[in-house]
Amino acid sequence: MDERYDPKAIEPKWQALWESSGLYLTPADRSRPKFYLLEMFPYPSGEGLSVGHLHNYVPCDVVGRFRRMTGYNVLHPMGWDAFGLPAENDALLKKLHPKETVPRYAANFKRQLKLSGCAYDWTREINSSTPEYYKWTQWFFLLLYKRGLAYRAVGSQWWCDKCLSILANEQVIDGCCWRHTDTPVTKKELEQWYFRITAYADRLLEDLEGIDWPERIKLMQRNWIGRSEGAELAFPVSGHPGESVRFFTTRPDTVFGVSFMVLAPEHPLVARITTPGQRAEVDAYVAQARRQSEIERLSTVKEKTGVFTGAYAHNVFTDEDIPIWIADYVLMGYGTGAIMAAPGEDQRDFEFARKYGLPIPRVTAPADGSPTPEDRAFTEYGVTINSGFITGKPTRDAIAAIAQYAQEKAIGRPTVTYRMRDWLISRQRYWGCPIPIVYCKTDGIVPVPEAQLPVVLPDMTNYQPSGTGRSPLANVPEFVNTTCPRCGGPAERETDTMDGFACSSWYFLRFASPHETSAPFDRQAVDYWLPVDLYVGGAEHAVMHLLYARMWTKVMFDAGLINFKEPFPVLRNQGMIWAADGQKMSKSKGNVVTPDAMVEKYGADALRLWELFMGPFEEPTNWNEEGVVGTARFLTRVWNLVRRYVDAGCPQGKPAEQTLRKTHQTIRTVTDHIERLRFNTALAALMDELNYIARLEPAEIGRAAIESYVLMLAPMAPHVAEEFWRALGHDESVHRQKWPAFDPDLAKDEVVTVVVQINGKVRDRLEVAADTAEDQVRALAFDSAAVKRHLDGKTPKKVIYVPNKLLSIVV
RNA sequence: GCGAGAGUGGCGGAACGGCAGACGCGCCGGACUUAGGAUCCGGUGCCGCAAGGCGUGGGGGUUCAAGUCCCCCCUCUCGCACCA
């Protein structure tokens, strides 16, 4: 071994050897237990990886190496989420083509991951923008189509002026585009493709119960799905035979208190029922509501506004005619876009009624007999009053009674409504997976037959989005013009491409058999490897990717393609690493720290250790380069220790009992902490052991201790551990070794410190043999000078003994 | 507004209800050095010469014992936000 620890001299050497010897290839034998470890599909950006990204990849790499050493067949693959708007927008900005930038960026990511010593099976690398991959994305589209889960519909949808495309609901955040947080979305009316994710709403909700995910993420999914039980009812519109207002309510028990109705401004009924006298005012209001941004419209602080349509609905319960208003606090996209207003029991309706002088009947009273509040709605459950046949019933019973009555009289029925909408997947953009559909004048919508897949994305130089609502693909006649697979006549291809999230909804299956050409995946490979044993990624995907991937998995399960219902039974979110200034790392802010710079300065192993040591894996932290100095120093100290041992001729040694104990205690701690993803404390335990053994003579340490130390270091600092292992005289890689085992008996403390407390204050510490009997400890304690002084002759009232821990004396 | 999580030395962070501050950074002192952003040794929560006292956002409570459990409040982060 060299005298000095020089990472540059050892890291490239071992990386080359690992690669050439196929160290991290996925084992073909399936006799051993498997461990499928996966990080969320990265989009390879032009900025490359930062030390923030590594806070995900390095800990996962440790898990992979650890599992391999503990006897698992490990599948740890990597690939690129390369289709989609981010890649295309970047290429447009740089006046390049994504077909050129994507492979270049991916290659850079790969280089950086290798530089950081991350072990992936690169023979399984996939790229969602290649025909070999997207052929099967199209295949899944057809599967959804066949199962009635992909459909085309006209609707008013979110449009981003920067993306020049329609977005899904999930991609609108605070009224702005998820990729352009300063760009408010607007509405556009287009015919679009949807995936019927709402058909899976209940299963997506229920199956959350059985999976080990951060509670926060589960909650976000629950909220997003937004299941709400109630009833759908309808009131006829007076003077318009055949017209009625259908509405959803969670409080059907308040129907007797409905004094007006409100429609969303966009509601189709508005045009038909508005009276000539109100027409001008209504038109003006509708136009103004259209113009408003979503942020303005959704603002809860804004005072409610609305306009009377002049029309009346007939409240079939009270037999009264009630006015129909329009107001923008009613959303077209939820329920039926219409509500019954029960101002006595709903705060929003209450405010509206107050403002426009509408009656506020009270139909629910507090159950405990206290007076009904006058200055606000009474929104809690209570007891029904002034309500005909349900008067006197508790709210819960009244709800059931109305639901039943409505069903009998064919006025309505019990319903469940969801906040979640169907997933809109059409994108009017070039860089995406073409939708395998053909439009024929005779046969209408015709799916492309499987045998004709993939529908290849044509090579275009001029792929700028038009902004007209049509994809640039519409400008490629050779692509658009085709023949109908059914009748053979002339037909046109669908020119929109799929949302990038379609590609990432099944990629975890592809890794099981990435080169399969006759199917999206090999069934046997998937049966063995899936589901994913540990899935790691950022919390920002809580309600996009994770919801979509779960839905596709259930579709595949229903189709009999796979035998599991949840793709990711265990999910963890790595903590976000902010720049040293507390901001997000970005090129524009000039605060990005790259792994390249850190490896150059301190070496990959030191960088890795600092990624692990910075703080708890799942907590966010600010980057601090000073820390890398510390882990580099730690590695130097280990280097010096091992070198001293090797220079002394690697003595077998006869370690003292205490040294043996320290070793076994460290193995116990490190094993336990890596299993629980507590990498920071696992490393702390290794540092602690180093502090202990570094001061011993080589013969006092002994071979067993040195070797187990190197083995434990191997997943975290793979290069330097390999160097040590070879220096210790081994021919085979340290990464092919078995994880050290510990002996619980040897790890047990012989001598323990028992704390003596008097009235809760520590007054003395006793060193006694482990498991010393209570009376002996008592005797020792009462014999102690410090204890005597503090007892001051008083007699103990109570003495509590916690074996091997403390003796608490109360006086 | 509603929901979730978090507040511990100068800093990152440790602590099955049982010695608060492991481990590391930084800092202070020393050794070896032509030199030190190397290495090694020692120290480092605050007050105090010491004995000792005080300390985990604030206030109360349970307990022999509370960073940890319970109640109230403050601050920060995240999510949702007129969802009928």
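All values below come from the heavy atoms of this structure, side chains included, with hydrogens, waters and symmetry mates left out. Naming convention: chains lettered A, B, ... in sequence-line order (proteins, then strands); numbering from 1 in each chain.
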Regarding A/Leu219, tell me which of base, sugar-phosphate or nothing describes its non-hydrogen contacts under 4.0 Å with the strands shown.
sugar-phosphate
Flag if over 12 foreign heavy atoms under 6.0 Å of CD, A/Glu3
no
Please say whether the positively charged group of A/Arg4, taken as NZ for Lys or CZ for Arg, lies over the ring of A/Trp639, i.e. under 6.0 angstrom from the six-membered ring centre and within 45 degrees of the axis.
no
Quick one: does A/Arg246's side chain have a donor or acceptor within less than 3.5 Å of a partner on A/Ala234's backbone?
no
Of the options B/rA84, B/rG18, B/rG24, whose atoms approach the side-chain atoms of A/Ile800 most closely?
B/rG18
With sugar-phosphate meaning primed atoms plus P, OP1 and OP2, does A/Asp688 contact a base, only sugar-phosphate, or nothing at under 4.0 Å between heavy atoms?
sugar-phosphate
One pair to check against salt bridge (Lys or Arg N to Asp or Glu O under 4.0 Å): A/Lys748 and A/Asp771. What are the steps and the verdict?
CA-CA 11 Å; A/Lys748 222 176 154 201; A/Asp771 303 325; 3.2 Å; yes
Counting side-chain heavy atoms from CB outward, which of B/rG26, B/rG12, B/rG37 is closest to A/Tyr602?
B/rG37
Applying a 4.0 Å non-hydrogen cut-off, can you work out what A/Gly630 is touching in the nucleic acid: base, sugar-phosphate, or nothing?
sugar-phosphate
Remember a base hit wins even if backbone is also touched, and classify A/His790 as base, sugar-phosphate or nothing at under 4.0 Å, heavy atoms.
sugar-phosphate
Classify A/Asn680 by what it touches in the nucleic acid, base, sugar-phosphate, or nothing, heavy-atom distance under 4.0 Å.
sugar-phosphate
Which part of the nucleic acid, if any, lies within reach of A/Arg633 when heavy atoms closer than 4.0 Å are counted: base, sugar-phosphate only, or nothing?
sugar-phosphate
Between B/rG12, B/rA84, B/rC23, which one does the side chain of A/Phe248 approach most closely?
B/rA84
Nucleotide nearest A/Thr681 when distance is taken to its side chain, options B/rC19, B/rA22, B/rA84
B/rA22
At under 4.0 Å between heavy atoms, what does A/Asn622 touch on the DNA or RNA strands: base, sugar-phosphate, or nothing?
nothing
Would you classify A/Gln757 as touching base, sugar-phosphate or nothing, given that sugar-phosphate means primed atoms plus P, OP1 and OP2, and contacts are heavy atoms under 4.0 Å?
base
Per A/Val762 side chain, nearest of listed nucleotides B/rC19, B/rG37, B/rC64:
B/rC19
Which part of the nucleic acid, if any, lies within reach of A/Ser228 when heavy atoms closer than 4.0 Å are counted: base, sugar-phosphate only, or nothing?
sugar-phosphate
Just to be sure I understand the rule, does A/Lys218 reach a base, reach only the sugar-phosphate, or reach nothing, if contact means heavy atoms closer than 4.0 Å?
nothing
Heavy atoms of other groups near A/Arg222 CZ, more than 12 under 6.0 Å
yes
Between P on B/rC80 and CZ on A/Arg227, what's the gap in Å once rounded to a whole number?
22 Å
Whole angstroms only, please: what is the CG-P distance between A/Leu806 and B/rG18?
10 Å
What one should report as the nearest heavy-atom pair of A/Val51 and A/Met585 is CG2-CE, 3.6 Å
What is the distance, rounded to the nearest whole Å, between atom CD of A/Glu767 and atom C1' of B/rC19?
12 Å
Hey, is the side chain of A/Arg763 poking within less than 4.0 Å of OP1 or OP2 on B/rG53, counting only N and O atoms?
yes
In whole Å, what is the span from the NZ atom of A/Lys304 to the C1' atom of B/rA84?
12 Å
If you look at every strand shown and take non-hydrogen atoms under 4.0 Å, does A/Arg419 touch a base, only sugar-phosphate, or nothing?
base
Here the distance between atom C1' of B/rG3 and atom CH2 of A/Trp224, to the nearest Å, is 16 Å
For B/rC40, take OP1 and OP2 only and decide whether either is under 4.0 Å from a side-chain N or O of A/Arg637.
yes
Whole-Å distance separating the CZ atom of A/Arg644 from the C1' atom of B/rC40
11 Å
Measure from the side-chain heavy atoms of A/Thr250 and tell me the nearest of B/rG18, B/rG12, B/rA84.
B/rA84
From C-beta outward on A/Tyr334, which listed nucleotide comes closest to its side chain: B/rC16, B/rG13, B/rA84?
B/rA84
Looking for any heavy atom pair under 4.0 Å, which part of the strands does A/Thr753 touch: base, sugar-phosphate only, or nothing?
base
Using the C1' atom on both, measure B/rU56 against B/rA66 and round to a whole Å.
11 Å
Roughly how far apart, to the nearest Å, are B/rU68 and B/rG36 at atom P?
48 Å
